[in-house]
Amino acid sequence: MSEVVLEKMIQGYMATNQSVYSFGWQGGEPTLMGLDFFRKVVTLQKKYSRSGTQITNGIQTNAILIDDKFAEHFANNQFLVGCSLDGPAEIHDHYRRNKTGGPSHAAVLKGIKMMQRHRVEFNILVLVSKANVHHAMEIYNYLVDQGFYYHQYIPCVEFDNKGQLVPFAITDQQWADFMCTIFDQWYSSSRNKVSVRYFDSILQKLMDG
């Protein structure tokens with residue numbers, strides 16, 4: 001996105017009537033735009049905001065490029081960061097390789113530590129694929145042991161041109177079994193300290209409609 005398009009988009013959105021102006025930054029990998037891009041984002045949001053305007057920013061990232069300066073910017077401007085982490089190294093690295101084909105798990109944890117140092121609000125997003133769909137308990141316990149208490153689980157569902165699931169995608173039954181396993185562990189051991197977005201949404205619907 002060029003800066004011309006960026007400004008048009010922000011200006012146009014900020015001209016609408018919203019109770020909260022919510023921006024979501026997602027790619028690809030949005031941090032490839034560089035820190036200056038996100039500094040420009042905040043500058044433009046302030047330029048076109050009115051008195052009392054509430055603005056939120058969320059970004060989805062693999063965290064590999066997050067350094068001290070990125071983390072500081074996210075913290076100072078209250079960005080909510082969704083970080084992709086598919087489990088412990090042997091599971092995460094099955095599909096999530098770096099540009100040279102090597103593992104990325106250690107780099108992701110380094111980026112997360114940067115965010116923790118600067119008190120950035122973040123949650124963990126787990127893509128549930130053929131590589132990890134049979135490791136629900138292992139993944140959940142790993143995240144909790146790492147001190148990551150805000151989880152989102154997303155099913156990997158993709159079809160080929162014949163309408164068949166691609167090799168890395170999961171079936172509906174596999175997704176159901178995975179989430180039921182997560183629920184049982186969450187409910188029995190850590191429901192008072194771990195937020196699983198899927199469960200939160202269901203409970204909110206049941207409680208207040």
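These values consider heavy atoms only, across backbone and side chains, with no hydrogens, waters or symmetry-generated copies. Since this is a predicted model, take the numbers as computed values, not measurements. Numbers here simply count residues along the sequence, with the first being 1.
- Atom CG in Asp86 sits 9.5 Å away from atom NE2 in His105 (nearest 0.5 Å).
- For the residue pair Asp184 and Ser188, the shortest heavy atom distance occurs at O-OG, 2.9 Å.
- A salt bridge does not link Arg197 to Asp200: none of the charged nitrogens lies less than 4.0 Å from a carboxylate oxygen.
- Of all non-hydrogen atoms in Leu125 and Gly82, the two that sit nearest each other are CD1-CA, 3.7 Å.
- Within a 6.0 Å radius of CG in Asp208, other residues, nucleotides and ligands contribute more than 12 heavy atoms.
- Side-chain polar atoms of Gln60 and Ser84 form a donor-acceptor pair below 3.5 angstrom.
- Remark: the Gln78 side chain and the Asn57 side chain contain no N/O donor-acceptor pair separated by less than 3.5 Å.
- Not a single donor-acceptor pair under 3.5 Å links the side chain of Arg96 to the backbone N or O of Val108.
- Ion pairing between a basic and an acidic side chain is recognised when a charged N comes within 4.0 Å of a carboxylate O; Lys40 and Glu7 show no such pairing.
- Ring centroid separation for the pair Phe79 and His73 comes in under the 6.0 Å cut-off.
- Side-chain contact check for His92 and Ser104: at least one donor-acceptor pair (N or O, by modelled atom type) lies under 3.5 Å.
- A distance of 9.0 Å separates CD1 in Ile55 from NZ in Lys46, rounded to the nearest 0.5 Å.
- Counted within 6.0 Å of OH on Tyr13, heavy atoms from surrounding residues, nucleotides or ligands total more than 12; the atom is thus considered enclosed.
- One hydrophobic cluster holds both Leu35 and Val81 under the rule that ILVMFWY side chains link at heavy-atom gaps under 4.5 Å.
- Formation of a donor-acceptor pair under 3.5 Å by the His118 side chain with backbone atoms of Ala71 is not found in this model.
- Separation of atoms CG (Leu85) and CG (Asn123) is listed at 11.5 Å; rounding is to 0.5 Å.
- The two residues Ile170 and Ser129 have their closest heavy-atom pair at CG2-C, 3.4 Å.
- Here the OG1 atom belonging to Thr171 is positioned 7.5 Å from the CG atom belonging to Asp177, to the nearest 0.5 angstrom.
- Without hydrogens or angle criteria, His151 side chain to Phe148 main chain gives a donor-acceptor distance under 3.5 Å.
- No option in Lys113, Lys110, Arg117 other than Arg117 meets the salt bridge (charged side-chain N to carboxylate O under 4.0 Å, His left out) test with Asp68.
- Aromatic ring centroids of Trp186 and Tyr140 lie 6.0 Å or more apart.
- The ring pair (Phe, Tyr, Trp, His ring centres under 6.0 Å) with Tyr153 is formed by just one residue from the set Phe183, Phe178, Trp175; it is Phe178.
- Within 6.0 Å of OH in Tyr21 there are more than 12 heavy atoms belonging to other residues, nucleotides or ligands.
- Of the inter-residue distances, the one linking Gln152 atom CD with Cys83 atom SG reads 11.5 Å to the nearest 0.5 angstrom.
- Residues Leu127 and Asn132 share a closest heavy-atom pair of O-ND2, 3.0 Å.
- Tracing side-chain contacts under 4.5 Å through hydrophobic residues (I, L, V, M, F, W, Y), one reaches Leu203 starting from Tyr187; they form part of the same cluster.
- Counting only distance, with no hydrogens or angles, the side chain of Arg119 and the backbone of Met115 share no donor-acceptor pair below 3.5 Å.
- Closest of all the heavy-atom pairs between Asn98 and Thr100 is OD1-OG1, 2.8 Å.
- Side-chain contact between Leu165 and Phe159 is present, with at least one heavy-atom pair separated by less than 4.5 Å.
- Val4 belongs to no hydrophobic cluster with other residues, because no ILVMFWY side-chain heavy atom falls under 4.5 Å from its own, directly or through intermediates.
- Considering CG of Leu80 and CZ of Phe74, their distance stands at 10.5 Å, rounded to 0.5 Å.
- Here the closest non-hydrogen pair linking Phe70 and Gly34 is CZ-C, 3.7 Å.
- Other residues, nucleotides and ligands contribute more than 12 heavy atoms inside 6.0 Å of the CD atom of Glu138.
- Side chains of Glu29 and Thr31: a donor-acceptor N/O pair is present below 3.5 angstrom, by distance only.
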